[in-house]
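Just so we're on the same page: letters track the sequence lines, and every chain starts at 1. Since the model is a prediction, treat every value here as computed from it, not as a measurement.
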Amino acid sequence: MPAFLPSDRVAHHFSPVLSARCQPPCWGKISVHHHHLPPPHVTIWDPNTSTGYSWITLLLNWITPHLAWWTFFLLDCTAAVMPHSQMAIFGCCFLVAFPAAMNTLGMASLLLCAGLAGRRSRLCVRSLRTLSGMTLSQIDEEVAKLLKLKAQIGGDEGKHQFTLKTAKGTRDYNPKQMAIRERVFNTIIRCFKRHGAETIDTPVFELKETLTGKYGEDSKLIYDLKDQGGELLSLRYDLTVPFARYLAMNKITNIKRYHIAKVYRRDNPAMTRGRYREFYQCDFDIAGQYDPMIPDAECLKIVHEILSELELGDFCIKVNDRRILDGMFAVCGVPDDKFRTICSTVDKLDKMSWEVVKSEMVNEKGLSEEAADQIGQYVSMQGGMDLAERLLQDAKMSQSKQACAGLTDMKQLFSYLQLFQVTDKVVFDLSLARGLDYYTGVIYEAILTQTGPVPVAATQNGAGEKAEEGVSVGSVAGGGRYDGLVGMFDPKGRKVPCVGVSIGIERVFSIMEQKAEASAQKVRTTETQVMVASAQRNLLNERLRLTAELWNAGIKAEVMYKKNPKLLSQLQHCEDSGIPLVAILGEQELKDGVVKLRTVHSREEVDVSRAELAEEIKKRTSDV
Amino acid sequence: MAIREKVFNTIISCFKRHGAENIDTPVFELKETLTGKYGEDSKLIYDLKDQGGELLSLRYDLTVPFARYLAMNKVTNIKRYHIAKVYRRDNPAMTRGRYREFYQCDFDIAGQYDPMIPDAECLKIVHEILSELELGDFRIKVNDRRILDGMFAVCGVPDDKFRTICSTVDKLDKMSWEDVRSEMVKEKGLSEEAADQIGQYVSLQGGMDLAERLLQDAKMSQSKQACAGLTDMKQLFSYLQLFQVTDKASAEKVRTTETQVMVASAQKNLLEERLRLTAELWNAGIKAEVMYKKNPKLLSQLQHCEDSGIPLVAILGEQELKDGVVKLRTVHSREEVRFSYTASLSV
């Protein structure tokens, strides 16, 4: 704990709940405003804080209940318009007091509310003394003290309410979510390690100039840091540009690396509801000059392994190649300068029908109808190595050198995929386009083929991969080859060819969280194997001693922080946390040198000698 | 990273052994959340540019976000650990070499419990972690704010000087007593007698016996605060005894990967065979690598094993393929054994 942090002040400052408890059970509107004040040294319960107005209201309420009611109802309406006027005080008091005008509770609340109201505004009736005899100047003094305290706590730019929340678009992960997250990461990292990948980490912010010019239109979504007199910095937008910077900076020519970390995008909430601004990306990349298509094939093998092991259901990996796409556009008569824009339209085929896509190409992008139709014939094609072969024979397609190069490599890729035994889920799909800002060769995208309700937050995921978010709803991974990126960072322009994939881990989390919710099995947030308990009193020392023995033997154990806890509460804690075993101590057991080991869910008990306890626990929990 | 992973694994397994849960919070908080919590150090907070939304700042530590998390989720009891990076705009001229982005590894127990038991568990955890990390001999110093304040009071330190005298006393781990005393007297305006009385106390060290002695001390026992602290200190030590903490490397090559076997071949045109075998190893859950070359030299493949610390290499050749075997070589000893294709998987 930092030395300068007054912890009790922190708790109060953060806890409207605590301050709320100090407030009267008010029916009226007044109670809400007090969140900005810390629990005051003078309590609000104190009837001393009433003002002269309370006398007047009491009097009137006695004499003319109905007249008063109607009069002050009207006053209250005006109060809504002039919140700080004296009318407001009257009105609020009466709205509150009316329902119980005659009884003492009503009287008390009347006084209290009048007191609260008196606190809030500057009252002119200084000559009147309050019920208790406290003068208005005394009240002012107390208010001044509180305002001084508030100023100490820190400026809030004139706002009166403390907002207890995370930044927009970000969230905390509670222990259950962390447990799920840990499991997912373990599966994924195990797969990366199986393939000999190393891991690196980079800072959360980069020099602004490093990120400038890499993300095209999306650059406006980058979080900048305030200019505080040093270098201009921005939070990282993805993990690929930092990777390229790392390679160029350290003059690395060959590396197989994975990197799992959070990235930051200032998505406009109106446009992309539910999207997170801070989210995980999980990248795997192979950098270096190698014989063609082998590392590309390994990337696909890894995607296949990960998706299978995560047991998310059936999936499909679509592959295509930038050169094939560009070649196709060329032979279909698309003008060079329209390549990228037509490409992004074709990319929408996973969300829109061909008719709509065609109409966008012709009507919005100015493409000729014949060109559009020719494209239409190709993009409906799907297949495996056979399709690549067919296209190489295709009269039109074979005219493009670029396309032929892409198709030859595609055949090679499929031959390796066969050796890797993953062709069952991979399909060569000519309609796959992807943002393509820095892809130079093969591209791929994995989608889940089971349809299910898509959680709102899950429409965004890291499978927006290399700097882009245009992924379809079922997409869980994406990537491709990008040979020119590192060269952009290298002062000599030295190229380091790269191929990689980004797993849409947020989507995976959502699915896992949903599954956990739906299943009967509880997600444990701890890994505790045994609870050390006792039914009798005055056995804390024995419990602590045994717990330490178990910890020293590497057993995950817990003990209750109570001198004399009830056995029932200890057992209840086991049930709540999913702890499978409880070691119960008692006078007799201690004399005999044994411990009663109970299985929580079956209630079966057996006496185990103290010396063998650790072993026995390990045995019983080894398959947990 | 490999070193970091080892350290984290050791620490996290200790936290889990004690039943701690894990949470995570965003890297930035609302600026107002962090405002007013860090005193003078507030100028070291990284702010985000005002881009038309909420005003944000990068987190300065993990404790304030923890407190915010507890209040926001109305959590009253939790035992949690949190390992994450925090950000401080340290002035490089003053604190050369300090990082502005660095890891913090926090463990906290929140909640109302019987006194000193959770406090003792925290110390037990520190003891376990430092022992398991094998950093060498270590010592854990314990004191109590109430004992300190009580001591200052009975030594004649004026109330309003408590905090500032406290921060001077704190410098005893870096400066000698003479320097500290002179700062107290000359800079902080403390009387010489008060300083000398403090001097007598701060040289004291011990265990439960010291707490007992101070409870009997004529001066110290006058302070109710100090007595409360000392009683709790005795209780703490009794628990520490039960936890057995009252008492206090072979240089191996750090590997960055965990690959178990390299699939290689000495002859040409065996890429397909290598790929096929590698896939089978992966499918069997074995961590394997293969060189991205159609016809790599055996020497380069072996060199890669040496560089990366890969212990085994599975060598394929025409004859071996005909015979249905694989040559499994231990990299450092160069011993080779022939295994049938299927058996090699289990090895």
Side-chain angles (χ1 to χ4, degrees), chain A residues 1-2 4-5 10-11 14-15 17 153-156 162-168 170-175 178 193-194 196-201 203-204 223-226 228 262 266 278 290-291 294-295 305 416 419-421 525-528 541 544-545 548 551-552 554 556 558 561-563, chain B residues 1 16-30 32 35-39 46-49 51 53-54 56 61 63 67-69 71-74 80 85 89 101 113-114 117-118 124 128 239 242-244 256-259 272 275-276 279 282-283 285 287-289 292-294:
Chain A
M1 290 282 284
F4 33 65
L5 193 63
V10 172
F14 280 122
S15 184
V17 174
I153 286 176
D156 54 6
F162 174 73
T163 345
L164 190 62
K165 64 188 276 288
T166 53
K168 180 166 26 206
T170 66
R171 57 176 170 146
D172 295 320
Y173 284 84
N174 63 38
M178 290 299 285
K193 287 184 167 178
R194 198 181 301 137
E198 307 174 296
T199 183
I200 67 164
D201 197 10
V204 83
Y223 273 102
D224 290 326
L225 265 71
K226 183 164 143 185
Q228 286 169 293
K262 291 184 186 167
R266 286 186 71 244
E278 175 192 62
Y290 301 110
D291 286 350
I294 314 181
E305 276 180 25
Y416 293 143
L419 294 167
F420 283 161
Q421 301 161 36
T525 55
T526 63
E527 299 181 9
T528 309
N541 287 5
L544 293 181
R545 196 174 280 130
W551 285 333
N552 291 345
K556 304 185 186 93
E558 280 185 63
Y561 296 141
K562 249 178 119 58
K563 291 205 184 92
Chain B
M1 286 295 289
K16 288 183 165 179
R17 198 180 306 135
H18 288 256
E21 303 176 302
N22 190 13
I23 67 163
D24 197 10
T25 64
V27 83
F28 42 64
E29 298 273 345
L30 296 183
E32 55 183 278
T35 308
K37 307 295 181 304
Y38 301 106
Y46 273 103
D47 290 326
L48 265 71
K49 182 164 144 185
Q51 287 168 293
E54 300 163 317
L56 307 167
D61 68 357
T63 306
R68 197 250 323 125
Y69 174 88
M72 214 169 112
N73 298 282
K74 302 193 188 355
R80 82 95 182 78
K85 289 185 183 167
R89 287 187 70 244
E101 174 191 62
Y113 301 110
D114 285 352
I117 315 180
K124 171 70 175 165
E128 277 180 24
Y239 293 146
L242 295 166
F243 281 160
Q244 303 163 36
T256 55
T257 65
E258 299 181 11
T259 308
E272 281 195 20
L275 293 182
R276 198 175 278 130
W282 286 335
N283 290 343
K287 303 182 184 93
E289 278 188 48
Y292 296 142
K293 253 182 118 55
K294 290 205 182 91

Sequence-distant partners of Lys193(A), side chain to side chain donor-acceptor pair (under 3.5 Å), two or more places apart
Glu5(B), Glu258(B)
For Glu29(B), which residues count as a side chain to side chain donor-acceptor pair (under 3.5 Å) partner, sequence neighbours excluded?
Arg68(B)
Chain B contact via Arg266(A) - side chain, backbone, both or neither, heavy atoms under 4.5 Å:
side chain
Choice from Phe243(B), Trp282(B), Tyr113(B) maximising heavy atom contacts with chain A below 4.5 Å:
Trp282(B)
Under 4.5 Å from a heavy atom of chain A, the part of Leu275(B) involved:
both
Less than 4.5 Å to any heavy atom of chain A: does that hold for the side chain of Glu272(B), its backbone, both, or neither?
both
Below 4.5 Å from any heavy atom of chain A, which atoms of Lys293(B) appear? Answer side chain, backbone, both or neither.
both
Do Leu56(B) and Leu30(B) have side chains that get closer than 4.5 Å, going by heavy atoms?
yes
Check whether any side-chain heavy atom of Lys262(A) lies under 4.5 Å from a side-chain heavy atom of Thr170(A), and answer yes or no.
no
Tightest non-hydrogen contact, residues Arg171(A) and Thr166(A), listed as CA-OG1, 4.3 Å
For each of Asp201(A), Asp224(A), Ile294(A), Thr528(A), tally heavy-atom pairs with chain B at distances under 4.5 Å, and name the one with the top tally.
Asp224(A)
Chain B: which of Tyr561(A), Tyr173(A), Tyr416(A), Tyr223(A) shares the most heavy-atom pairs with it under 4.5 Å?
Tyr561(A)
At a heavy-atom separation under 4.5 Å, does Gln228(A) approach chain B through its side chain, its backbone, both, or neither?
both
Could you have a look at Ile200(A), Thr526(A), Leu419(A), Asp172(A) and say which one has the most heavy-atom pairs with chain B under 4.5 angstrom?
Asp172(A)
Does any non-hydrogen side-chain atom of Asn552(A) lie less than 4.5 Å from one of Lys124(B)?
yes
At a 4.5 Å cut-off on heavy atoms, which part of Glu101(B) comes close to chain A: side chain, backbone, both, or neither?
side chain
Is any side-chain heavy atom of Asn174(A) closer than 4.5 Å to a side-chain heavy atom of Thr525(A)?
no
